[in-house]
Number of protein chains: 4
Amino acid sequence: MRAVQLGKYDSYPELVDVPDPEITSPLDVIVRIGGAGVCRTDLHVIEGQWAEKTNVPLPYTLGHENAGWVAATGSAVTNVAVGDAVILHPLVTCGLCRACRDGNDVHCMNSSFPGIDTDGGYADYLKTTARSAVKLDPSLQPADVAALADAGLTAYHAVAKAARKLRPGDRAVVIGAGGLGHIGVQVLRALSPVEMIVVERNAEALSLAVDLGADHGVIADGSQVDAVLDLTDGHGAEAVIDFVGEGGAIEDGVASLRRNGDYYVIGYGSSLQVPTIDIISTEINFIGNLVGSYNDLAELMVLAARGQVSLHTSAYPLTDFGKALEDLDGGRIRGRAILVP
Amino acid sequence: MRAVQLGKYDSYPELVDVPDPEITSPLDVIVRIGGAGVCRTDLHVIEGQWAEKTNVPLPYTLGHENAGWVAATGSAVTNVAVGDAVILHPLVTCGLCRACRDGNDVHCMNSSFPGIDTDGGYADYLKTTARSAVKLDPSLQPADVAALADAGLTAYHAVAKAARKLRPGDRAVVIGAGGLGHIGVQVLRALSPVEMIVVERNAEALSLAVDLGADHGVIADGSQVDAVLDLTDGHGAEAVIDFVGEGGAIEDGVASLRRNGDYYVIGYGSSLQVPTIDIISTEINFIGNLVGSYNDLAELMVLAARGQVSLHTSAYPLTDFGKALEDLDGGRIRGRAILVP
Amino acid sequence: MRAVQLGKYDSYPELVDVPDPEITSPLDVIVRIGGAGVCRTDLHVIEGQWAEKTNVPLPYTLGHENAGWVAATGSAVTNVAVGDAVILHPLVTCGLCRACRDGNDVHCMNSSFPGIDTDGGYADYLKTTARSAVKLDPSLQPADVAALADAGLTAYHAVAKAARKLRPGDRAVVIGAGGLGHIGVQVLRALSPVEMIVVERNAEALSLAVDLGADHGVIADGSQVDAVLDLTDGHGAEAVIDFVGEGGAIEDGVASLRRNGDYYVIGYGSSLQVPTIDIISTEINFIGNLVGSYNDLAELMVLAARGQVSLHTSAYPLTDFGKALEDLDGGRIRGRAILVP
Amino acid sequence: MRAVQLGKYDSYPELVDVPDPEITSPLDVIVRIGGAGVCRTDLHVIEGQWAEKTNVPLPYTLGHENAGWVAATGSAVTNVAVGDAVILHPLVTCGLCRACRDGNDVHCMNSSFPGIDTDGGYADYLKTTARSAVKLDPSLQPADVAALADAGLTAYHAVAKAARKLRPGDRAVVIGAGGLGHIGVQVLRALSPVEMIVVERNAEALSLAVDLGADHGVIADGSQVDAVLDLTDGHGAEAVIDFVGEGGAIEDGVASLRRNGDYYVIGYGSSLQVPTIDIISTEINFIGNLVGSYNDLAELMVLAARGQVSLHTSAYPLTDFGKALEDLDGGRIRGRAILVP
């Protein structure tokens, strides 16, 4: 089969011929790729930023946001069948450790990460296990949802956690309505009637957020904290959901948080720096967020099938992987680029 | 190997020679049995009460409360190794359905139940999977804890659920301090400083419950509801944990429940019959309880290793299975009979 | 002032002149009534069905669903001011008992119930306390929301409790889309993207429920359990929210419930009768529901102000109370009758 | 009556004669002081550190950890009666704001703080309201428990929050076993069978913590992180409960935390400084903690009455307030100094 592999760091990956993957274990699943998301992380991998963390032996196949159709299954697979359209959870997890047994499989103690530390989905086929395959509703196409497998799942996980605590009459500030943020806005609107305030630098992205259900759009022009306080009777919001995490977003976010509020950290880059006296005197919480669980992904797909979450995508043939990566690097992609074999 | 098999209903099982189980799948685990609990359910199985429900083909091997040592493992097993002492969760679950992925594996949609619908542990060896094996602390012996695998796990599951809602100052009524109940009393004492009231007909069992940490023992002589109301300022208890479920226990239990209280149904036999007006005007809840999850069993083993839960057992050689069943049927066993191969 | 008082049971109430209420305590609030809901409970009160339960001395003023404008306040009132439009929580609570201190004020140990056991809102003015007054958003009129104060609040309380456990992909069956039920449908749609199945005998009410956001309408013609099972892959729903509670609704509801599901009891009339073996083998729960808390009412008013919950009402002048009661008794009112002084 | 009042900052308070407080409102409660804790915060108040924050007009009476007997009550008080022994919640709250109505009264929007911003308990009598008075079990003496009213309540609040998430088999690290910490150790042992690791610089305090129920004592001599990792199989603990919050405790605490763990901030002094990438890649949470609620205090008193939490105290006559403050300042008090009028 064809696969886009990285042969050495700091040079372009290449389309090569590799053997087709084969079923070797009863829980194995082989997926014919229908779409693989092209992500900024791929550029970082190519530059070698992840080399030391993963120690993945080169060459290997890129692609960590994958969806497609089941092509073959091991003898013990009961949740999907050959021909099923599926989206793949980004991690392959053991199912046996305490975290897996608790539904918290993202913290599996024996996981691998296709496209990052083992062969991914920039290829005709990908080998994974039944534990990573979520069956799609007939209304959903793999290429349309592939990019929800990682970035979208992170947004869902954080926002669903926030929504479980929010009540009508509470306010939530969403910082950043870009890639993850605009998924987050849709998820929050689907899950909660909270009064939603979106803070964003880009006027067009902000306008889209309001179209997607935000109650208030606040342009991040330096006056955003005052604007949020005005909208919250001077008290701040019960929740701040921060998809940016750098460039002053955190300081602004903390200043926008109400006493006893929850600050959801999703975006990253800078540091959280808060005097402990401020944390205890207002009794605020900082909640970390990684990618969601398998069941989180299944729930996000339900929202997608209900039409409550969607994503703009641009399809590229697998052979045009180079152009897709260049377009991403050059800022020429609206929404997400998807490689379609 | 040797196995105690049921050849036909309503006659005694027999000790026969059967082939040793073999590893055929990467998650398989073969356990050398160190102890198998003899349970009243076994008598019911022999009498044919479960025949229609399970359709298990005869002959098959009895024994659904099992512990021992790992004798062999499939290639994908990472949570236990050959030689480990283990206790076995009563169900073999798929790990792939939504319930399994949520840590709620008791509601697995593809489970089997060794000793009930497939070969169990009245034998030298039992074949199960890695998903059912909980590694024991070095301080615990398989024969001592085997009987916690099913009955004890049910008690733990219900009591831990109750304890998560109870606060200091609340009262909990435990109905029944027999087999499950006296485990329940120990678990509740380990998990919560709630004021615990035990209601029991048998004076000796009641006295044991107080020794194990109950704050008050109430003899069930007809005045038990009044006694509970006296102990709760006339309001009843925030929780009733009912290990009996028949013979008037339910009516008494409901009468002992405070407004907005929770009634945990564990024992069974009779029917719950409550006018809906009474349910809504006092806003009470009835909470069903089945056996616990894999992680529940791991937690119960932690309590056992800490010395906070223990069980009186009487060991019988495997060859004396007939005597063990007769002694159980004749009411001559204190605590639990355990078959030791 | 004018007040509609019940002078003796089984005869019609009368419009009489009574002294205006006065502030006597720092937390007192006097409300000029803007609307008082006419409820089937009023008919039962008149018939004497509540006489023994409440021992209210006659004559007294009816009306337990009240909204209006603050006319006077005691010196310690900080949450509302003279002139504010308010809706009144049906109970006057002490604020000092453990339940009140936990936000669970419906289970206050020292509450009174205006219109039921003390003077209510069929009058020009009602005396209550600051603890019962919820300030209305400027977009809401007292006469439009008064009927949400009791029936609507009960629906909100139960549905919000259910929504906190439901996840995308779960199914909820709402039994009954009449008075409470059609509020419940709106609340559930506002709070959750759960797949909502409404079961109702009346085709018009069912059609309205679908217009209000139900995903499926099932006519209760005897085949409703089969229809629900068809819609849930044969497994039943994760939650059943029962606004009927009589006439076979409970049996059907239990048959429509999935393993480990939650049955919310709101409607009442018949008895819950379930063998305990069925409760434990499927591990289902029965959850009682009374009226909601003060904060529940504040949250429901947020949904009303957002336009997510509304109610059809027919206004009657206070002097036409007799006609309103007769129209209610004769089944001639669509939605709710509201007395407007 | 006699009262110890601060007349101006940076000079010693004086014992003066002031008018007895009087009931002026139906919820007022006047308490004859049985014991008032002498706290390091009093020294800070005297030094003027709180002057700007509180703007309290001088002179005023110190003392914010108070217990005693009810001497008089307003007409609407139902939870305590004249003669009752009581401990006083440190805040006087409104009971009307959303936080109060949710049981989260510490975040009351209209609270006062006797001893800090209004007259406190270094006096014969203190005026408060029914909302602050918790009735004591007959086994408890006001002077013995007074010091639990603020510091102890903070420890209870944080530890109870942690205990609600911890399961058997989890590990919790308690940093600091001094004033608050040694209460925290007792509370955690009462509420949870978690494996408790206490980290403390002082060998005597550490030894006391182990006597009070800690499973492991780790001396904070620079090797404490390694010691915790050794005790947790290299993974760190599910919860870190930090009563120190300065001097490297936070950095050590974060290094002792397991993936997806919770860090409870209670002690304060330095800043929390964590790269957001570390927060999201391990998905950890930082949980702020202020003093507990009224119900928290009631629950802590239950633990005290059960003998599960106790505190070493040294009584001083009210007239010896100067010596008590000097002994505290000079580090000559074991446990807590209590002024007894």
For chain D, find its close neighbours in residues 134-164 of chain B: heavy-atom separation under 4.5 Å, sorted by number, or none. B:Tyr156, B:Arg164

Set of residues satisfying salt bridge (Lys or Arg N to Asp or Glu O under 4.0 Å) with respect to D:Glu238, sequence neighbours excluded: D:Arg258

Are [X] and [Y] packed together at the side-chain level, in the sense that at least one heavy-atom pair is separated by less than 4.5 angstrom?
| X | Y | answer |
| --- | --- | --- |
| B:Arg306 | D:Asp215 | yes |
| D:Leu300 | B:Pro168 | no |
| B:Leu303 | D:Pro193 | yes |

Rounded to the nearest 0.5 angstrom, the CD-CG distance for B:Glu299 and D:Asp170 is 7.5 Å

